[in-house]
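What's counted below: heavy atoms across the whole structure, side chains too, no hydrogens, waters or symmetry copies. The chains referred to below are lettered A, B, ... by the order of the sequence lines, with proteins before strands, and numbering in each begins at 1.
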Amino acid sequence: MSGETRTVPERPSLDGLDQVWADRWERMGTYRYVPAGRDEVFSIDTPPPTVSGSLHVGHVFSYTHTDIVARFQRMCGKHVFYPMGWDDNGLPTERRVQNYYGVRCEPSLPYVPDMPVPDVPPAKGAKPVDVSRRNFVELCERLTAEDEQAFEHVWRRLGLSVDWSLTYTTIGERAERVSQRSFVRLLHAGEAYQAEAPTLWDVGFRTAVAQAELEDREHAGAWHRIAFHAGGQLVYVETTRPELLPACVALIAHPDDERYAHLFGTTMTTPVFGVPVPVLAHPAAEPDRGAGIAMCCTFGDLTDVQWWRELKLPARAIIGRDGRIVAQAPDGLDSEPGLAAYQQLVGATVHTAKERVVAMLRGTGDLDGEPTKTVRPVKFYEKGDKPLEIVSSRQWFIRSIAHQDKLLGRGQELTWHPSYMRARYEDWVRGLNGDWLISRQRYFGVPVPVWYPLDAAGDPAHDEPIVPAEDTLPVDPSSACPPGYTEDQRGVPGGFLGDPDVMDTWATSSLSPQIVCGWEEDAERYAQTFPMDLRPQGHDIIRTWLFSTVLRAELESGTLPWREVALSGWILDPDRKKMSKSKGNVVTPLALLEQFSSDAVRYWAACGRPGTDTAFDQGKMKIGRRLATKLLNASKFVLGFPEPAATASVTEALDWSMLTMLDEVVAQATTQLERFEYTAALERTERFFWQFCDDYLELVKDRAYGSGSDSAADPATQSARLALRSALSVLQRLLAPFLPFATEEAWSWWHNESVHTSPWPTTTSTAQPAADVALAVASEVIGAVRKAKSDSKRSMKHPVELLHVHGPARYQQLLDSISRDLTYAGNISEIRFDPTDAAQLIFDVELAQDGPGLASARR
RNA sequence: GGGCGUGUAGCUCAGCGGUAGAGCUCUCGGUUUACACCCGAGCGGUCGCAGGUUCGAUCCCUGUCACGCCCACCA
C-alpha cells in the first residue's frame with residue numbers, strides 16, 4: 001500500500017492539488033526507476049536544459065510532451081528510465097557568473113582556497129575582479145546549483161514523472177570522466193586529432209567555434225572599389241573588407257571569365273602596401289559578383305580558406321585572437337612605404353583599421369568612387385555579438401567527414417517524429433564542410449585531458465601528447481601532473497605543459513546516453529537502458545545535439561544512441577512570432593501553473609503536436625482547466641452511486657453501447673500514443689469524455705439512482721452502476737498521462753495505489769450485436785428534444801407530451817430498449833415509433849401545453 | 001539558390017477520395033441537487049489560387065501564390 005484513500009470532497013477543486021500530489025509522489029517514490037531487463041525498460045534521453053537563467057514556457061511545452069509519453073509507457077508496464085539533466089557546462093554559465101558576481105577568469109592567477117563569495121550584486125560600475133580558473137569554476141558551480149534547485153521545483157510542480165535520483169549534470173565528475181574517457185579512446189583510435197588550421201574565431205569570447213554554432217546575421221557594410229596595379233595596367237576589385245588588403249595573397253577570377261583571362265599567371269601589386277600577388281583562376285570565383293575578380297585574403301571568409309588551401313597560397317594573417325591587427329607585419333609586406341602604412345594599423349580593431357585603410361586608399365588615389373553601403377549576411381557565433389574572424393590556431397577535432405555515409409545510414413535507421421525532420425539531419429550531414437572542432441579557449445568546461453612535453457627550448461611537442469590512463473580520469477591538466485613528472489616541472493624546459501583548452505559543451509552533452517546509462521561504470525544498468533528508446537529535443541538543435549550524439553554513439557559503440565527521436569516545435573506568441581526574452585513577452589512558468597493549474601498548462605502543451613510550432617494560448621489553458629475540473633465533478637458524481645453488487649452485470653443496451661464506444665477510444669488512443677500522436681489521443685479521449693458527461697450521464701442518472709422501491713435488486717440499476725464505474729476507471733486512466741494531478745486525485749477517492757502505476761486500460765468489453773449504436777441514437781434523440789425546447793425557449797426540464805419518431809423499422813427494438821432512459825432524460829410522457837421508408841430517423845417533439853404549444857425538430 | 005513544412009468557420013486547430021468538423025468567440029435560452037470554474041441551442045466556410053486524374057477531390061497529381069523554418073551563398 002503506497003498511499004491513503006482520500007475522501008470525495010463536497011466541492012472538488014484543482015487548487016492545491018499540484019503541491020499535494022507532487023509531494024506525495026516524491027514520498028512514495030512513484031516514479032522511481034526499478035531495474036528490469038532491456039525489453040521491459042523504456043529509457044529516455046532527456047535534454048538537459050541550460051542552467052543559465054530561468055525556464056520559460058517553451059520548456060514547459062516540450063518537456064510535457066515527453067512526460068506524457070513516459071507516463072503512458074509506465075502504465076503500459078514499462079520500467080521507465082527517465083532522468084533529468086542540467087546543462088551547466090559552457091559559455092552561458094560563464095557569462096552569467098561574470099555578470100552575477102562581477103568577476104573575470106584570469107588563468108594565470110593562483111587558486112585562492114576558501115575565497116569569499118563576492119558581493120551580489122556587484123557594486124555599480126565596479127571593475128570585474130580577476131580570479132583564478134579554479135575559483136572561477138567554483139563560482140560557476142555555486143551559481144548553477146542554485147539555479148538547478150529552482151528548475152527542479154518547476155518541474156515537480158509541472159508534474160514531470162522523472163526519477164530525481166538519476167539527475168546528472170554536464171559538468172559533474174561523472175560527466176567529465178565519461179567525456180574524457182571517450183576523448184582518450186577517440187584519440188587512441190585516431191578519431192580525435194589536433195591540427196593547426198584556420199578556424200572560425202569569436203573575438204569577443206576569444207575562442208574557436210564550430211560550424212554547428214554559426215548563424216547568419218544581417219550586417220551593415222560597404223562595397224569599396226579599389227585598384228590593383230601591374231605596370232600601367234589597373235584592375236578594380238570590389239570588396240567589403242578593405243582592411244584585409246595587407247593580408248591579400250592573390251586575385252582570383254573564374255577560369256572562363258574572358259575579362260581576366262589575359263591576366264592569369266601574371267602578378268599585380270596591392271595598392272598602398274605594394275605587395276605583389278598572383279592573378280589566378282578558380283571555379284569558386286563568381287563572375288557576377290562584384291567586379292568578378294576577388295581579392296583572396298588570409299582570411300576574410302571560408303572561400304578564402306578554400307582558395308588558400310587548394311591554390312597553395314601563402315598565409316598572411318593580420319588579425320589576432322583579440323580581433324586587433326597584429327604587430328608583426330605579414331611575410332611579403334616588406335617595402336618601406338608598405339611597412340609604414342602597416343604600422344598605422346597595428347593594434348587597431350577591424351573597424352578602425354578599415355577606416356584607416358580607406359583613408360590611405362584615398363590618399364593614393366586607389367579608391368574608385370565612394371564606398372556604397374550594403375547589408376549582407378555575415379557569420380556570427382550564435383552566442384556572440386561581433387562577426388567571426390578566421391584565425392589560424394591549433395585545435396582539437398573529432399572526425400566526422402570520414403563517417404558521413406555511415407551517419408546518413410543511422411539517420412535512416414532512426415524513427416523520426418515527425419518523419420519529415422529526418423531531412424534536416426540529412427541536409428546537415430551532407431553539408432558538413434569540416435571535422436568537428438571541439439576545443440574551446442575557455443575555462444568552465446571539461447578540460448582536454450592531455451599534457452605536452454616541453455623540449456629544451458621550452459616549446460611544447462604537440463605531436464607527442466601525454467595521455468592519462470583511463471583510471472585516473474577525470475583530470476585537469478592545468479592542476480594535475482602527468483605520470484613521471486612533478487609539479488615543479490610545469491612550464492619549464494624539459495618539463496611539461498597542460499593543454500590549456502576545454503572541450504565544447506556539445507562534446508560532453510553528445511554523450512548524455514553514455515552518462516546516464518552508466519557506460520563503462522555500471523554494466524548492468526548500461527545493458528538495461530542502452531541504446532535508449534527515446535530522444536526528445538527541439539528541432540533547432542538537430543545539427544548540434546542530435547547529430548553529435550549520433551556521431552559519438554557510432555564512434556563508441558557502432559550503434560544508434562536511441563531508437564526514436566521526437567522533435568518539439570516552438571512556442572509562438574499570439575502574433576505568431578517566436579517567443580523570446582528580448583521581446584519581453586515571456587511569461588514565467590510558475591505563474592502560469594499557479595494561475596491555471598499544472599494540468600491546465602499541460603493540456604495546452606498536449607495540444608501541440610510533435611514538430612509543430614504552437615501559439616501560446618491561455619484560452620487553451622482555460623479549456624484544460626475546465627476539463628480537469630469536469631473530471632473531478634464527474635468522478636464525484638459516479639462514485640456517489642452505491643457500488644454495484646458483486647453479481648452485477650451489464651445488461652442494458654445503452655450501457656453496452658457506451659462501453660463499446662469506449663473500447664474503441666482505448667484502442668485508438670493506445671495506438672496513437674505508441675506513435676507519439678499524443679495530441680490525437682487526447683482529442684479522442686476528450687471528445688468521448690464530454691459525450692459521456694453530456695449525454696450518457698444524463699440518460700442513465702435515473703436508472704443508476706434506482707427509482708423503484710426495490711431498486712438495488714433491479715438488474716438495470718446494477719447494469720448502470722457497473723457501467724458507470726467501469727467507464728470512469730478507464731477514463732481516469734486514459735487521461736492520466738495528460739492530467740496527472742486531477743486524475744490522481746479522483747483515482748485516490750476509490751483506490752489505494754497511484755493511477756500512474758496502474759495498468760493502461762485494454763479493450764475487454766464483450767460487445768453485444770447492434771448495441772454499439774444505442775448511445776449514438778440516444779444522443780440523437782436527446783439532441784432533437786433539447787433543440788425543440790431551446791427553439792421554444794423552454795427549460796430543458798420542460799415536459800414533452802409526445803415524442804413521435806419516424807424511421808427505418810430496424811430502430812423499433814433499439815428505441816424500446818432505451819426508452820426508459822430517454823423518457824427520464826427528456827422528461828417525455830410518451831414515445832411513439834412509426835416505421836417509414838425514410839433512411840434516417842425523424843423526430844416530432846410535442847411539448848406540454850403551457851403557452852406556445854407544439855414545437856418540432858427534424859434531425 | 002536548394003530543402004522541408006503550413007495555408008479549412010472571426011480565432012486556435014482536427015479531418016486527408018464519397019452529403020464540410022471541434023473548441024473558443026459571438027447570439028439566444030436555462031436557479032436541471034456532479035459541475036454557474038455550469039448546462040442547452042444557434043449563427044458562422046465556394047477547405048489559398050489555377051489546371052489535371054476520378055463517377056466523385058478539402059483530401060491524389062502538376063503548376064502557382066502567401067507565410068514559416070532549415071541549409072547554402074557571403075570576394
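Across the P atoms, B/G44 and B/U27 are found 16 Å apart, a figure rounded to whole Å. Using atom C1' as the reference point in both B/A9 and B/G15, the two lie 14 Å apart (nearest Å). The separation of B/G21 from B/C47, taken at their C1' atoms, amounts to 11 Å, rounded to a whole angstrom. Separation of the C1' atoms belonging to B/G56 and B/C37 is 47 Å when rounded to the nearest angstrom. For B/A14 and B/G30, the P atoms lie 37 Å apart once the distance is rounded to whole Å. Between B/A20 and B/U46, the distance separating the two C1' atoms is 12 Å to the nearest Å. Between the P atoms of B/C59 and B/A50, the separation comes to 12 Å (whole Å). Annotation: B/U58 and B/U8 have their C1' atoms spaced 7 Å apart (nearest Å).
By the 30° and 60° cut-offs, the orientation of the rings of A/Trp570 relative to A/His539 is perpendicular. Note on ring orientation: taking the six-membered ring where Trp is involved, the planes of A/Phe637 and A/Phe641 are perpendicular (angle over 60°, cut-offs 30° and 60°).
Remark: B/C43 base-pairs with no nucleotide; criterion is Watson-Crick or G-U wobble with both hydrogen-bond distances under 3.5 Å. Pairing for B/U62 is with B/A50, a Watson-Crick or G-U wobble pair whose two hydrogen-bonding atom distances lie under 3.5 Å. B/U32 is unpaired under the criterion used here, namely a Watson-Crick or G-U wobble arrangement in which both key atom distances are under 3.5 Å. Summarising the base pairing, B/A9 is matched to no nucleotide, lacking a Watson-Crick or G-U wobble pair whose two defining distances lie under 3.5 Å. Across the strands present, B/C69 finds its partner in B/G3; the criterion is a Watson-Crick or G-U wobble pair with both atom distances under 3.5 angstrom. B/G17: no Watson-Crick or G-U partner with both key distances under 3.5 Å is found in any strand.
Along RNA chain B, the nucleotide nearest to A/Ser790 and the one nearest to A/Cys607 differ in position, and the one closer to the 5' end is contacted by A/Cys607. Each of A/Thr240 and A/Arg786 was matched to the nucleotide of RNA chain B holding its nearest heavy atom; the match closer to the 5' end belongs to A/Arg786.
A/Ala680 comes within 4.0 angstrom of no nucleic acid atom, judged by non-hydrogen atoms across all strands. Residue A/Arg424 is classed as a base contact, given a heavy-atom separation below 4.0 Å to a base. Among the protein residues, A/Arg687 comes within range of no part of the nucleic acid, since none of its heavy atoms lies under 4.0 Å from any strand. Among the atoms of the strands shown, base atoms are found under 4.0 Å from some heavy atom of A/Met796. A/Lys630 comes within 4.0 angstrom of a nucleotide base, judged by non-hydrogen atoms across all strands.
Phosphate contact (OP1/OP2 of B/A34, side-chain N/O of A/Lys701, threshold under 4.0 Å): present. Contact between the side-chain N/O atoms of A/Gln211 and the OP1/OP2 oxygens of B/A72 is found at a separation under 4.0 Å.
Ion pair A/Glu382/A/Arg217 not flagged as a salt bridge, since none of the NZ, NE, NH1 or NH2 atoms sits closer than 4.0 Å to an Asp/Glu carboxylate oxygen. Electrostatic pairing of A/Asp599 and A/Arg625 does not count as a salt bridge here, judged by no charged N lying under 4.0 Å from a carboxylate O.
The aromatic ring centres of A/Tyr260 and A/His254 sit 6.0 Å or more apart. Taking the six-membered ring for Trp and the full ring otherwise, A/Trp604 and A/Phe596 have centroids separated by 6.0 Å or more.
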